[in-house]
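Notes follow once the structure below has been shown.
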Amino acid sequence: MFTEVKTHLKLILKYFTFNLSALTEYRTSFLVQVFGMALNNASFAFFWWVLFDRLGTGIGGYGFTDVMFLWAVASTGFGLSHVFFANANRISGMIITGELDTYLLQPKNPLINSISARMSVTAWGDVIYGIVLMALIKASGMMWVMFGISIFTAALLITSIAVAGHSLTFYFGNMEAVGRTLWEFTITFSIYPETIFKGPVKALIMTAVPIGFITHVPLRLVRNFSWGTLLLLFGVTLAYALFAFILYMKGLRKYESGNLIVTRM
Amino acid sequence: MGKYLSIAGISIKNSLVYRASVTGRVVFYFVFIFVFFSLWSMIYSGNEIAGYSLVQMIWYVCMTELVVFCSGSEIFGRMNHEVKSGEIAYRLLRPWNYIFMQFADMLGSMAFSASVFTVMAVLLGFVFAGPIQGFNPASVPLIVISFVLSITMNFFICMSLGLLAFYFEENSPFYFIYQKLLFVFGMLLPIEFLPIWTQGILRYLPFSLITWGPARMVVNFSYEYAFEIIPMQAAWCVFSVLLAMFVFSRGVRKVNVHGG
């Protein structure tokens, strides 16, 4: 078991090094896309700054720094997810086109192998933006500690939610739209204060699709730390990752090859 | 004219075929409006902010998103691709004006999006906010003109930015910056939320006229406002068409066709 984990971590690292060197080959394009994504995120910071400035008060118990913390965790977590596992959002496409065949022939776990084979360029902009934002808001020590922990749980949760959503394609045919919508939900709901969501929406993001654990629970920990909540964060993250993994692996048994011939360069 | 109408007709048929992509955008539109409804409901407590009531604010977001979802910004990516891949060389041989052919092609899908998202916007506006107090149905023709001008203006600006691929290897920063200017100067918040000195400048700039212009007309209509905004939108619209033609006519001279 331990050897298996070690082997796959090495594989992820190999893909990372290889993809990064490929991306930096086109340096200008790489820098432009990274800068563009950071700029995109910054426009939302401007929105919140204007809003808080105009209101002169908090929103549902959240201050400007709190919202920026949500943004920092979501941005860097999302970035890490797409730096290491950019193909997670392409699983449906890979199933439909038969592209999975390539990964099935290799002596590594097909899920880990396929999702870590690609790196998103713009995701680097997200990673950097979150860190810069934390520095700009002069985050407290506790915020930095929780940021350091929750970017990894966030990355794992965002990847797991994408894997779970797209794995439905194994069971019900092309579910690309569902996977993509789930992805949009994940981003949209994690960058707004928890208190604006109520009733069934709040229940949904705290249970079946645990979006609330991406940014909202880490912020709760910043405000009122408890070991129990931290363990809950780790527990939910690991449980959901395991659930997504099992869903994918069980679904894989239903996969039918499309005899597609592809060249990986 | 006939050939451009035929292109627009084909484009509408294509939009009808790819229903799944429309469904995805409809769901996203709904989620976006829902989140903003939740946010503004939390912020407002029976008061007005920057001259907007809660009802007006929700309708405002529904309308700015309507512009964004219908304005055919994809033209930037298409222009970028056609110029960089050299595909444009094949299109130049055809008996049409390249700029207007592209407009006709996008017109079909924009018309389709407009019909779907207008229904969505009105429906969600009523469900989440209820009717706008004092809304005058007689204002609808002027509002429609304002929307059409907004969408056209945005289309030709995005096209010009895409055509900058003739001049720059990497032209996406121009598009990124333009998109963000739209975001912050009217799409997410009315310009009345910004400092007063900026409002005086922004009300004459295309970024605000594209989103804030028509949305403000819907939520707080007055003939004075409409007759101030529509001529400015029309002027920017003409300017954006001329800009696209200029960027194209100068850029196309740089195309080298080597056969093949």
Side-chain angles (χ1 to χ4, degrees), chain A residues 26-62 67 92 121-122 125 174-199 201-202, chain B residues 18-45 47-52 57 61 80 84 168-196 198-199 207:
Chain A
Y26 301 98
R27 209 155 295 153
T28 315
S29 170
F30 176 72
L31 290 174
V32 162
Q33 292 189 60
V34 168
F35 169 74
M37 186 45 73
L39 186 73
N40 175 58
N41 296 348
S43 64
F44 283 94
F46 180 78
F47 160 77
W48 284 106
W49 174 72
V50 170
L51 193 57
F52 276 106
D53 186 55
R54 167 63 72 166
L55 297 175
T57 170
I59 298 172
Y62 276 58
V67 178
S92 290
V121 193
T122 52
N174 193 353
M175 286 280 136
E176 184 147 24
V178 174
R180 203 154 280 279
T181 308
L182 206 56
W183 177 76
E184 303 275 13
F185 273 30
T186 308
I187 307 304
T188 310
F189 284 97
S190 57
I191 52 177
Y192 289 92
E194 180 187 355
T195 41
I196 71 167
F197 303 116
K198 294 187 173 68
V201 176
K202 186 159 187 175
Chain B
Y18 298 109
R19 281 187 292 265
S21 106
V22 177
T23 314
R25 289 171 68 214
V26 164
V27 172
F28 186 54
Y29 183 89
F30 171 79
V31 171
F32 197 88
I33 300 298
F34 172 76
V35 168
F36 269 83
F37 161 72
S38 307
L39 178 67
W40 288 117
S41 303
M42 170 66 73
I43 292 170
Y44 276 92
S45 49
N47 53 334
E48 273 196 359
I49 304 171
Y52 287 78
M57 203 60 221
V61 178
N80 212 4
K84 287 182 181 169
F168 301 95
E169 177 68 29
E170 200 50 75
N171 58 338
S172 33
F174 301 107
Y175 180 65
F176 279 137
I177 292 168
Y178 170 70
Q179 254 195 331
K180 296 322 132 202
L181 290 172
L182 281 187
F183 258 47
V184 298
F185 295 139
M187 193 192 104
L188 297 174
L189 285 171
I191 62 169
E192 287 85 352
F193 276 69
L194 299 167
I196 290 177
T198 57
Q199 293 175 31
F207 324 110

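Each chain gets a letter, A, B and so on, in the order the sequences are listed, and its residues count up from 1.
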**Asked** Checking heavy atoms, do the side chain of A:F46, its backbone, both or neither come under 4.5 Å from chain B?
**Response** side chain

Donor-acceptor pairs under 3.5 angstrom involving side-chain atoms of residues 49-58 of chain A: please list them, not counting sequence neighbours.
from, atom 1, to, atom 2, distance (Å)
A:R54, NH2, B:E192, O, 2.7

**Complete:** Those residues of residues 174-182 of chain B that come under 4.5 Å of chain A on a heavy-atom basis, listed by number, are B:F176, B:I177, B:K180

**Straight-line distance of A:T28 OG1 to B:F168 CZ, nearest 0.5 Å** = 13.5 Å

**Asked** Does A:S92 have any side-chain hydrogen bond (donor to acceptor under 3.5 Å, both in side chains) partners at least two apart in sequence or in another chain, and if so, which?
**Response** A:H166, A:T169

**Complete:** In this structure, CE of B:M42 is separated from OH of A:Y192 (nearest 0.5 Å) by 14.5 Å

Show me the donor-acceptor pairs within less than 3.5 Å that the side chains of residues 28-38 of chain B make with the rest of the protein, sequence neighbours left out.
from, atom 1, to, atom 2, distance (Å)
B:Y29, OH, B:C62, O, 2.7
B:S38, OG, B:F34, O, 2.9

**Item:** Heavy-atom proximity to chain A below 4.5 Å, by part of B:I49
**Value:** side chain

**Fill in**
Checked A:G60, A:P193, A:S43 vs chain B; the most non-hydrogen pairs under 4.5 Å come from A:S43

**Engaged part of A:W48 at the chain B interface, taking heavy atoms whose separation is under 4.5 Å** = side chain

**Message:** Only pairs of heavy atoms separated by less than 4.5 Å count here; which of A:F197, A:F47, A:F44, A:F35 has the most with chain B?
**Reply:** A:F47

